Number of protein chains: 2
Amino acid sequence: MTADSLPPHTLMIRKLASIFSLTDEEQKALLGLPIEVVALKAGQDIVRIGDRPAHCCLILEGFTCVYKLTSEGERQIMALHVPGDIPDLQSLHLKVLDHSIAPVSACMVGFIQHDDLRQLCERYPRLTAAFWRETLIDASIFREWLLNNGQRESYTRVAHLICEFRMRLNAVGLADNDTFELPVTQSELADATGMSLVHMNRVLQALRSDGLIQSNRTQITVPDWEKLKQAGDFDPLYLHLEKNPAA
Amino acid sequence: MTADSLPPHTLMIRKLASIFSLTDEEQKALLGLPIEVVALKAGQDIVRIGDRPAHCCLILEGFTCVYKLTSEGERQIMALHVPGDIPDLQSLHLKVLDHSIAPVSACMVGFIQHDDLRQLCERYPRLTAAFWRETLIDASIFREWLLNNGQRESYTRVAHLICEFRMRLNAVGLADNDTFELPVTQSELADATGMSLVHMNRVLQALRSDGLIQSNRTQITVPDWEKLKQAGDFDPLYLHLEKNPAA
DNA sequence: CGAATCGTTGATGAGATTCAATAGCAGTGG
DNA sequence: CCACTGCTATTGAATCTCATCAACGATTCG
C-alpha cells in the first residue's frame, strides 16, 4: 500500500491536509520532521501504561490498538489505529501515559520526538490547531464507541464497527471497491466491543449469512454499503471527515 | 458552594491552575474573558448534536451530561461534567457538534465566545496548551469509561463511577469529609454505565448494604475510601490530577 | 391536593458468557 | 517434505447476568 519510495510522513500529511487546508510551507515543515522508523511484530507493546515517553508514534503500516486491563486481567481495546494515525499524540501534553499501545498485526511505526513537534507547533500555530483537532477526533470516536458498546445490541454493534473501519481506511486511501484489509483477530474485535470471543464469532457469521459482509481471514468486502450502514445504525458525522477551513 | 461574589471564571481558573502553573498575567487574561451567565433547568438541551456553536459553555453550578441517542432512542451518557468543566471545549476546533449537552440538574452555565478564546490562545500559547490538555483529560476519561462499561461487572462499575465523582469533585473543592452532592438520577447513572434503570437501583442497594456508600436523595457519603476504591478497581491515574510543570 | 418524577420491588425471559472440545491454517525445525 | 507447535476460528451445551415488563410507594412542586 504505502509505496516504499514515499517519505514516512506521507499518510499523516495526507490525513491532516484532507481535513485542514495546509500551506506549502506548512507541508514542507511537516516533511522536515525527523522520524525514526521501526518495524514491530504483533504482541510487543509499543508504549505501556505509566510510561513517560519523549516521543509520539506515527503508524506507517499495519494496525495498532490502544488498550487497558482491569485488575481481573480483562482487556478493553479503546481504539484501533490505522496508517496515518498518531495514537499517542496526547502524550505531548499528558506526561504519564494512561493506556498501553500494541500492534495488532506486524507493523511499521515512526517515532517523532516531542521536542520536534513542540518546536513545529510554536512556529506554525495552525499546525497546533491541526494536531489538536486530531486528538479531538480521537475523543469523538471514543464517545461513539461508548454509545456503540453501551446501547446497541451486538449485531448492530459489530456492523457499526465495520462501517467505521471502512470509512477511516477510505479516508487514507486504503480501501478499494469496498474491500479492505482488516488484520484484526476476532478476539481483538471482541475486546473492542466488550463482547466475548465466542459471541463475536457468531455475530460475524450472522453478518456473513445475511450478506452484509464477506470475509476471509484478513480481508473484508462490503457488497452493499447502504445496507451495512443501516444495519450498523451508522452516521459518519462523528468522524469529522469533512474539510475544515482554517481555524 | 460557589460564593456569588466570586467571578464566574473562578473554578475554571482554579482547575487549570491546579494542574498547570499559570503566571499572574495568564490568570489575569483569563479573568478578562467575557462570560455570559445563564441559568438553566434540567431537561432543556444546552447545545444539540449537529449544531455549529460560536461559543463554549463553562459549568458554574450543577451538573451537565454529554449524551447521544441511537436510532432506537436509547440514550448513552458519555460524560458528566461538574462545575469548572467546559464540556464542549472541543467545538473550538470541530465545527459540527457530534453530541448533545443537557443539564442533569438545575444549573448555571457561562458562555464564552470562540473568538475570545482564540484570541486568548494566540496571545498566550501556554493557555493553548492548558486548554488542549483539558480536552485530552476528557478523552482519557472516555477511555476509562470504555474500560469500565465494557469489562467490569455492574457492581464494580458503579463503585468505580462513584470513586471518579469523589475525586473530581474533590479536585474543585466540592467534596467535604467524603460527602458530596450528586444531583444525578438513577436513570442517568444507568444511561452512563450502559445498565438498565432497575439494575442500577439494585446495585446501589447492594453498595449501600455492603456499607460502601451511604446516600440520601442527592448526597453521597463514602465511609471508607480505601474499601470503595478497591471495590471499584479504581486507579486515579487516568484523571491526570497531578501538577504538570509548563509544557 | 393532584400531577409528575423518581425510587423500589417481583417475576420472567432473552442475550450473552463460560467451559470445553474440535477443526483449520500458518510457521518452524528436523 | 512432514511432524510439531501455536494461534485462530468454529461449534455445542449449560449457565448466569442483566433487561424487560408491570406495578406500587415516595417525594416534590405548582
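Every value quoted in this text rests on a predicted model; they were computed, and no experiment measured them. Protein chains get the first letters and strands the later ones, always in sequence-line order, with residue 1 at the start of each.
OP1 or OP2 of C:dT9 has at least one side-chain nitrogen or oxygen of B:Gln205 nearer than 4.0 Å. Between A:Gln186 and D:dC7 there is no side-chain N or O to OP1 or OP2 distance below 4.0 Å. Side-chain nitrogen and oxygen atoms of A:Ser187 include none within less than 4.0 Å of the OP1 or OP2 phosphate oxygen of D:dA9.
One atom, CD of B:Glu153, and another, P of D:dT17, lie 8 Å apart when rounded to the nearest Å. Here D:dT10 presents its P atom at 13 Å from CE of A:Met195, a figure rounded to the nearest Å. For B:Met200 and D:dA19, the CE to P distance is 9 Å, given to the nearest whole Å. Spacing between atom CG of A:Leu197 and atom P of D:dA9 amounts to 8 Å, rounded to whole angstrom units. As a whole-Å value, the separation of B:His199 NE2 from C:dA11 C1' is 16 Å. A:Glu74 has its CD atom 14 Å from the C1' atom of C:dA16, to the nearest Å. The CG-P distance, from A:Asn201 to C:dA20, rounds to 19 Å in whole Å. Rounded to whole Å, atom P of D:dC18 lies 13 Å from atom OH of B:Tyr155.
Using a 3.5 Å distance cut-off with no hydrogens or angles, the side chains of B:Ser140 and A:Asp98 do pair a donor with an acceptor.
If you check every strand for non-hydrogen atoms under 4.0 Å, A:Ser196 touches a base. Backbone-only contact: A:Arg208 has heavy atoms under 4.0 Å from sugar-phosphate atoms and none from a base.
You'll find the side chain of A:Leu212 reaches within 4.5 Å of the side chain of A:Tyr155, heavy atoms only.
Taking the six-membered ring for Trp and thresholds of 30 and 60 degrees, A:Phe111 and A:His55 have ring planes inclined between 30 and 60 degrees apart.
B:Gln44 CD: more than 12 foreign heavy atoms inside a 6.0 Å radius.
Donor-acceptor pairing under 3.5 Å, judged by distance alone, is present between the side chain of B:Arg202 and the base of C:dG10.
In the set C:dT9, D:dC18, C:dA20, C:dT9 carries the atom at the smallest distance from any side-chain atom of B:Val198.
By the side-chain hydrogen bond (donor to acceptor under 3.5 Å, both in side chains) test, B:Asp178 is found to be paired with B:Arg166, residues two or more places apart in sequence or in another chain being considered.
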